[in-house]
Amino acid sequence: MSDNGPVQTRSPVLTVRRVDAYHAITVVAPQIAERFRSGQFLSVGVGGEHSSMLLRRPFAIHDVKPDYGGTVEFLFAVRGPGTAWLAERRSRDLLDVVGPLGRPFPLPRDPVNCVLVGGGSGAAPLFPLAHALRRRGCRVDFVLGASSADRVFSAISARRIAETATFTTDDGSFGVRGRVTDALERVTADARADVVYACGPMAMLGRVAAAAARLELPAQVAVEEAMACGTGLCMSCVVPVVGEDGFTRMARACVDGPVFRGERVRFDDVGTIPFDALGAPGWKAWSDEPGAEGAPEREAG
Amino acid sequence: MSDNGPVQTRSPVLTVRRVDAYHAITVVAPQIAERFRSGQFLSVGVGGEHSSMLLRRPFAIHDVKPDYGGTVEFLFAVRGPGTAWLAERRSRDLLDVVGPLGRPFPLPRDPVNCVLVGGGSGAAPLFPLAHALRRRGCRVDFVLGASSADRVFSAISARRIAETATFTTDDGSFGVRGRVTDALERVTADARADVVYACGPMAMLGRVAAAAARLELPAQVAVEEAMACGTGLCMSCVVPVVGEDGFTRMARACVDGPVFRGERVRFDDVGTIPFDALGAPGWKAWSDEPGAEGAPEREAG
Amino acid sequence: MNPDMRTRLAGLELANPVMAAAGCAGTGRELARFFDIARLGAIATKSVMLEPRAGRPAPRMAETPSGMVSSVGLQGPGIEVFLQRDLPWLRSRGGTAVVSVAGSGPEEYAELARRLPASAGVAMIEVNLSCPNSAGQGRDFADVPAEAARVVRAVRGAAEDGVPVFAKLAADAPDPVDLAGACVEAGADGLSMVNCLRGMAVDPVTLRPALAGGVGGVSGPAIRPIAVGCVYRTREALPEVPVIGMGGVQTGADALEFLAAGASAVAVGTVNFADPSACVRILRELQELLEERGVDRVGDVVGAAHRPTGAVVGR
Amino acid sequence: MNPDMRTRLAGLELANPVMAAAGCAGTGRELARFFDIARLGAIATKSVMLEPRAGRPAPRMAETPSGMVSSVGLQGPGIEVFLQRDLPWLRSRGGTAVVSVAGSGPEEYAELARRLPASAGVAMIEVNLSCPNSAGQGRDFADVPAEAARVVRAVRGAAEDGVPVFAKLAADAPDPVDLAGACVEAGADGLSMVNCLRGMAVDPVTLRPALAGGVGGVSGPAIRPIAVGCVYRTREALPEVPVIGMGGVQTGADALEFLAAGASAVAVGTVNFADPSACVRILRELQELLEERGVDRVGDVVGAAHRPTGAVVGR
Ligand SMILES: Cc1cc2nc3c(=O)[nH]c(=O)nc-3n(C[C@H](O)[C@H](O)[C@H](O)COP(=O)(O)OP(=O)(O)OC[C@H]3O[C@@H](n4cnc5c(N)ncnc54)[C@H](O)[C@@H]3O)c2cc1C
Ligand SMILES: Cc1cc2nc3c(=O)[nH]c(=O)nc-3n(C[C@H](O)[C@H](O)[C@H](O)COP(=O)(O)OP(=O)(O)OC[C@H]3O[C@@H](n4cnc5c(N)ncnc54)[C@H](O)[C@@H]3O)c2cc1C
Ligand SMILES: Cc1cc2nc3c(=O)[nH]c(=O)nc-3n(C[C@H](O)[C@H](O)[C@H](O)COP(=O)(O)O)c2cc1C
Ligand SMILES: Cc1cc2nc3c(=O)[nH]c(=O)nc-3n(C[C@H](O)[C@H](O)[C@H](O)COP(=O)(O)O)c2cc1C
Ligand code: FES
Ligand code: FES
């Protein structure tokens, strides 16, 4: 309906490639490519027309190209039956794709210095972000972490796009042994960073957000909460997020996010309903109720 | 387990062809090819690994060849979601196939004259039967009926195999306008028939069986009752069949059939439990109970 | 020849029989990004309560074969915000609003009903008696006919006369038909059936319940035969009572199945998650099916499964 | 390191926890064409009655999303033929026989139990309380705890001491946990759960009920979350009572899900129709999963979902 909202398409697969531990699928989807802004994701129906797998699978959009009117690429690791099915697609197969979904990364107006931190496949949305930042004259530095070398994401293109690219692996099989946060302070200092962008597992994001706060840097984080619909309908993807009015609400990662301001997400309380969240059992006991009008549903970011 | 029982295989598709209104799929399945006798069928899992369509689809085996160690062909019309999915298979796809299933057509010891009557896709099992009969020196004459010309099954090979081939269509678009039974008396007389074999919709089989009885010819009919398992487990495919002891039992078309002696099937009572069937409400009131030992479960044929 | 798709639910006429089910259509805004929500017969809103509610912790959902199990716990902004923000928005887009209400007792339900007059844009009140997702463990309203009747009576008493009140029942109530009868006697103008069935998934890695809430509600195509059975048996017992049928509607053929079983309208729930355009697709498919059959009015197929063979409409 | 797959069901030890479910495994002969039935933990026979029974007219079955709805009506040869033909055959092939019984009242159930001693090769009697497929419309035994208790008491009284008696319950009993409690109090040594849920499909062409019997029983993977939920809640209420879990078991992971929820064994029903080798495949998959997790004995995972996080066996 709205011109920059998501669209649903039956998109032909252009290519399916292996990239280290990942699979990359490119689909022809001009309307998605045209609307896309970095940080947004798409969702794919899996299992075919008579699939017993009802729910769509969400994936970050990794690349968008103008070929064939507009193509969109996503990368994924085989994890369960849905991704296993996707890995078996061949070119010309049709995929049911919805996108672009979610709020994009906010881009700075000025050419500032940006450190981009990614964990595992969570690095995917940072690549189009890096390009967008570069187009605005920003300096980009990468810190990419993974469990092992083959899960480090697109090391070569990271090196190509960024001023510097630092890699960490849990087992030391590539780059520095350790976590992305171990390298973060040095990289932000060297780069004279003005802002941190991060995407990856929730625990990593929590550590990055905390580190950024310590370094007094603003952080934009893109969360990967399990999603059943990806379109804001089902309320399955909630995370506790502090709104501008100071109240914590259970925000939907798919439409209120996936990008939030780092300090707004209550990472320690993810997977719980904080006792002081709006509408938690007994929340009234301690708080002044926010005015009805003032209550923003989209409190995030 | 047993050497001539059915097997379950993951069989690669060799070819998918269109034949008039039908699709023909040939799979490589040496163990099925080797065990096959005409009149038997196979069943195919549809929709892929995570299909919401749980039940296998049964199809008559139309042809068996020695290539690639043994191939098996079945023909089908697209009818619902399962056959639609099958029609989209390509060569090298794997199909989950179980076969051969069911009791085959009994073959005469002597070189007698056989009239083979088929309706629509029901003609499929008559082709391997015709070959088997010819190998035994039997005379074979075909009567094939269908709703319209494009549904007449393999007219050319029927003409090639048989002494004569007569065609009937409901709309007169091919052969004689009318039903197979309209042609049956003439063909059996011309061919000096000793036996009638038939396969097709239940109503047609009923008419053929009645006509054969009138002509005092033995008839072997292969029924196509809806099947959920095809292996005798589920009791969904029952038809009322008179056993050798004179008692009617609800026989399973998939394992007690699909081939029955024509006069044994109570065609008028298909879709009911006849009041005098073994175990029907009140059946005891009128009948002498058959001895427990004497009660053959496989009363058919 | 386009069939006449209008359908009646007690006093209410809908432009067509395809609705979005409560809790599966957001506030309407989310679906409006994919199609014009004024094209739907109606939209049932997420069950609203008096107060804001944070719901259950995540994980709230797990996929199951042809369905899912969920436990959201009625997260919502409360009636104030609903009346000031969500309902006016829905009306402004031409949506027909079936407002679903949930309470902790007859008084809370009644208070909600009082605040939902036709003038606010309420086309119908749907009484959610049986949400296994709600925080409490007991489901007295849903499981005990007398309790359900108390709630329905309270709502019917408090709601405006012109606003039909439908009672929404779960498929795993001890006896859905009994419960339906009790609700109708207590003044329900019609029935919505079915709500989710209790169920659970175990996480294959941790071997713990997959949902934070432990037991949740099963929905989606998996429950369709159970839901169709409930509608069929209720129609048999209460042939005059209008029913909104739901539970796994995925295609126009599924909608037709519910109509034939006795529903006057159908609601699409879980399938919206899988296919955000599902409601309008299903409406189109249903219309095509009716056309193919030569049916003039959708009402002609309602309850067709109860008529003797041969008396089926169309060809 | 092969995990120890033995499991206990009251007095009975099974070689492994994978069984074939009643009415879905024929007499054993049909499956024996695909694998050695002695490899199964046990085979539950089609519920046997005193007299031969012709069952319901066809159509008896319709496919539904990830499941089916069926109404066979307990077609079977009666106890005489069963004892003279089917049971001896099963024993001769080394099968462990769980004999399912169905009757029209406590007396008939008891009479059946009397004729099923251990010496005839009966490892367990399963009391089918709740077959929506049976000819009568009422399901009193299955729905009313006191009625279920009467039947179980009669069977336990009539059955040999050494033969465990399990009560088989439907998932859509008004309160499966209540019913389970009543059965155990009446002497049931364990529980089999779940039997099919009432449901129905409408034929898309005729718009009439797809089954000759109208309403039938829903089974298959579609009902798995409902079944797992029943097992979980029963285990919570009756932690000492052994349970055979069933309802849509399709893979080893599904079997593990039931075990974690509290079942000591699982039975495979509808999936046998889809995959005649399912039972042995599921057994193999389960064994592999336990191996991967480093589990020594299958018993260690039974009820794992009830233990606090971290107390889960294996890694
Ligand atoms: C916004 C977002 C972006 C993502 N981007 C990527 C990406 O670029 N590359 C990539 O490899 N993965 C990404 N993921 C994770 C990816 O969606 C899951 O790996 C995938 O859904 C697993 O499906 P499955 O059937 O293989 O696994 P299963 O575990 O069998 O899935 C079962 C169910 O759980 C859900 N689920 C399981 N894990 C996740 C998860 N981590 N996140 C969300 N849902 C989950 C599935 O959607 C499905 O509904 C992203 C997730 C989100 C929310
Ligand atoms: C022994 C036997 C041999 C057969 N041989 C052939 C053949 O050679 N060529 C051919 O075109 N068709 C044949 N059929 C019919 C074929 O099995 C059905 O057309 C097919 O199952 C339809 O599946 P669907 O998903 O496309 O249709 P749907 O109607 O959507 O199927 C839904 C369910 O109904 C069952 N079903 C529907 N129609 C039939 C039917 N006529 N017979 C059995 N089950 C049915 C399906 O198996 C499935 O479980 C045969 C049937 C039997 C029993
Ligand atoms: C995530 C989710 C949330 C739901 N929330 C509500 C609700 O708030 N009120 C209500 O009456 N029903 C609620 N339902 C039930 C649906 O409206 C519907 O009755 C049920 O899911 C069956 O339909 P379906 O199979 O099409 O989803 C919810 C269902 C789901 C899956
Ligand atoms: C065709 C069919 C016949 C059945 N017959 C019986 C029966 O005779 N006795 C019984 O206790 N359960 C019977 N059941 C129920 C199954 O044993 C099982 O409890 C139920 O189907 C759920 O398991 P599933 O989903 O694995 O099939 C039958 C089920 C089906 C589908
Ligand atoms: S995934 Fe459904 S609301 Fe976010
Ligand atoms: S199809 Fe299952 S017994 Fe014949």
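Chain letters run A, B, ... following the sequence lines, proteins first, then strands; residues in each count from 1.
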Nearest 0.5 Å, what's the [atom1]-[atom2] distance between [X] and [Y]?
| X | Y | atom1 | atom2 | result |
| --- | --- | --- | --- | --- |
| A:C234 | C:E30 | SG | CD | 10.5 Å |
| A:L55 | C:T270 | CG | OG1 | 8.5 Å |
| A:M235 | C:F273 | CE | CZ | 10.5 Å |
| C:R56 | A:M250 | CZ | CE | 13.0 Å |
| A:L278 | C:E51 | CG | CD | 10.0 Å |

Legend entry - Residues in ring pair (Phe, Tyr, Trp, His ring centres under 6.0 Å) contact with A:H50, at least two apart in sequence or another chain: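 Here no residue qualifies.
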Inset, instruction - Under 4.5 Å heavy-atom distance to chain C, tell me which part of A:V98 shows up: side chain, backbone, both or neither. - result: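 Just the side chain, heavy atoms under 4.5 Å.
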Legend entry - Toward chain C, the part of A:A226 with a non-hydrogen atom under 4.5 Å: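 Interface part for A:A226: neither.
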Inset, instruction - Could you pull out all residues at least two apart from A:T272 that satisfy side chain to side chain donor-acceptor pair (under 3.5 Å)? - result: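 A:T272 satisfies side chain to side chain donor-acceptor pair (under 3.5 Å) with no other residue.
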Legend entry - For C:S104, side chain to side chain donor-acceptor pair (under 3.5 Å) partners two or more places apart: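 C:E108.
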Inset, instruction - Please lay out, stage by stage, how A:E225 and C:R60 fare under the test salt bridge (charged side-chain N to carboxylate O under 4.0 Å, His left out). - result: CA-CA 11 Å; A:E225 187 55 55; C:R60 289 175 167 186; over 6 Å; no
Inset, instruction - Compare all side-chain heavy atoms of A:C229 with those of C:N272 and state whether any distance is below 4.5 angstrom. - result: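 Counting from C-beta outward, A:C229 and C:N272 never come under 4.5 Å.
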Inset, instruction - Please examine the side chains of C:R33 and A:V255, heavy atoms only from C-beta on, and report whether any two atoms are closer than 4.5 Å. - result: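 Yes - at least one pair of side-chain heavy atoms lies under 4.5 Å apart.
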Pick from [options]: which one has the most heavy-atom pairs with chain A under 4.5 Å?
| options | answer |
| --- | --- |
| C:A222, C:S277, C:G76, C:P59 | C:S277 |
| C:G55, C:A212, C:G23 | C:G55 |
| C:S66, C:G220, C:G26 | C:S66 |
| C:V271, C:L83, C:D275 | C:D275 |

Shortest non-hydrogen contact from [X] to [Y]?
| X | Y | value |
| --- | --- | --- |
| A:V7 | C:F34 | C-CE2, 4.3 Å |
| C:G67 | A:L54 | CA-CD2, 3.9 Å |
| C:A274 | A:R56 | O-NH1, 2.7 Å |
| C:A58 | A:S236 | CB-O, 4.4 Å |

Mark yes when over 12 heavy atoms from residues, nucleotides or ligands other than [X] sit less than 6.0 Å from its [atom1]; otherwise mark no.
| X | atom1 | answer |
| --- | --- | --- |
| C:E285 | CD | yes |
| A:R37 | CZ | no |
| C:R114 | CZ | yes |

Legend entry - Residues from residues 94-101 of chain C approaching chain A under 4.5 Å (heavy atoms):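 At a heavy-atom separation under 4.5 Å, chain A is reached by no residue of residues 94-101 of chain C.
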